[in-house]
Amino acid sequence: MKFLSALTYAPFLLTGLASVANAHTYLRNLTMNGVKYTEGQCILPYVGDRIQPVLNPTSQDMMCRTQDKNLTASMTCPIKAGSTITVEWHWLEDFPNDVISFNHLGPCIAYMAPLESKGHGDVWFKIFEEGYDPATKKWCVDKIREKAAHGQWNITIPADIKPGDYMIRTEIIALHEAYRENGAQYYPNCIQARIQGSGSATPKGYAIPGIYNATDAGIMFDLKKPYTSYPIPGPPLYKSGSADTNQRVAYSSQAGTPTPTPTAVPYATQSKVYAATSSAVHRCAA
Ligand SMILES: *[C@@H]1O[C@H](CO)[C@@H](O)[C@H](O)[C@H]1NC(C)=O
Ligand SMILES: *[C@@H]1O[C@H](CO)[C@@H](O)[C@H](O)[C@H]1NC(C)=O
Ligand SMILES: *[C@@H]1O[C@H](CO)[C@@H](O)[C@H](O)[C@H]1NC(C)=O
Ligand SMILES: *[C@@H]1O[C@H](CO)[C@@H](O)[C@H](O)[C@H]1NC(C)=O
Ligand SMILES: [Cu+2]
């Protein structure tokens, strides 16, 4: 706390210092096809304290921050391949412009995997990444924290992927303690989406956990040393139309083209899991 500048943190002081130590984040809302959703609808339910980061890149929690409980949302929301979804991140319920603590600099990344895999296996392919922009000296996190962005960022679904039901894993990584091994904070949250279209691409997938190693250049990264670029961690970005010549994710048992639906498709109702869990509460050293 002693490093906090009163000027920078003035808004937080109004809400109480206790909040500062917990200025983490979670995916609170999602807009798809013009419909805004919340937890448990198409966003997977949260487990325990929803804003707590994952600190161990080999933990099952790296998948969706659901502690590998294979939770499902009550709906799988439709979206056309090639169109854009908006995710919105916050850490306080009652303070809409509080996205994440000011010192939590880092990238925004998104992956997809076939829903029937439940995220297990070599199934995740990267569809979005934004790290550090040397021209503006802004991190992705800086941009989404700006007042106009209101915690939002947009993710375009690759236009050519095979239609079907998918999980979309959205993630912010905070690097303020990443000068040391296992200091990076991972904030993954997942969405269930029904992708419509006529594509056939099934990009090569990677296992989560497994996409990041504790000592990767973009995972152990010292913000206090000068930098002009940042190597975004994880597998290569899949872009629609990429020559995707090699291995395919095992999609064979996946259901075929879903019936296009104008609104969200209700799945079997999933009882929400809010119960406190054993996950340790992490306080940021700010
Ligand atoms: C956004 O998420 C919050 C927290 O779950 C919820 O209270 C709110 O109703 C959601 N907004 C919309 C428009 O669904
Ligand atoms: C979650 O699903 C995977 C894949 O089907 C399975 O291996 C794992 O045991 C399941 N975990 C739980 C807690 O049910
Ligand atoms: C995200 O998409 C929405 C809707 O198309 C748009 O209004 C907004 O400006 C976009 N935001 C960013 C940061 O591109
Ligand atoms: C992580 O380290 C292991 C063992 O050194 C290596 O096999 C693997 O490819 C690494 N993964 C990444 C994403 O660099
Ligand atoms: Cu934090």
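Here the structure is a predicted model, which means the values were calculated and not measured. Both backbone and side-chain heavy atoms feed into the values below; hydrogens, waters and symmetry mates do not. Counting convention: from 1, in listed order, for ligands and their atoms alike.
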What about Phe125 and Tyr111, are their ring centers closer than 6.0 Å? no

Can the ring centres of Trp124 and Tyr206 be said to be less than 6.0 Å apart? no

Less than 4.0 Å between atom 9 (O) of ligand 1 and some protein heavy atom, yes or no? no

Nearest protein heavy atom with distance in Å, relative to atom 14 (O) of ligand 2: Asn70 ND2, 3.3 Å

Taking atom types as modelled and ignoring hydrogens, do the side chains of Thr58 and Asn56 form a donor-acceptor contact shorter than 3.5 angstrom? yes

Under 3.5 Å: N/O of Lys69 near N/O of ligand 2: no

Answer yes or no for His104: is there an N/O/S atom below the 2.8 Å cut-off from the Cu ion (ligand 5)? yes

Taking the six-membered ring for Trp, are the ring centroids of Tyr26 and Tyr46 within less than 6.0 Å of each other? yes

Residues His24 and Tyr187: side-chain donor-acceptor under 3.5 angstrom: yes

Among protein heavy atoms, which sits nearest to atom 6 (C) of ligand 1, and what does the distance come to when rounded to 0.1 Å? Thr38 OG1, 3.7 Å

Protein heavy-atom partner closest to atom 13 (C) of ligand 1 - residue, atom, separation in Å: Lys36 CD, 3.4 Å

Do any N/O/S atoms of Thr25 come under 2.8 Å of the Cu ion (ligand 5)? no

Taking the Cu ion (ligand 5) as the apex, His24 ND1 and Tyr187 OH span an angle, rounded to 10°, of 80°

Answer yes or no: does an N/O atom from Asn29 fall short of 3.5 Å to an N/O atom of ligand 1? yes

Got a sec: does the NZ of Lys143 have more than 12 other heavy atoms crowding it under 6.0 Å? yes

Axial cation check for Tyr227 ring with Lys225, 6.0 Å and 45° limits: no

Return a yes/no value for Tyr37: is any of its N or O atoms, backbone included, closer than 3.5 angstrom to an N or O of ligand 1? no

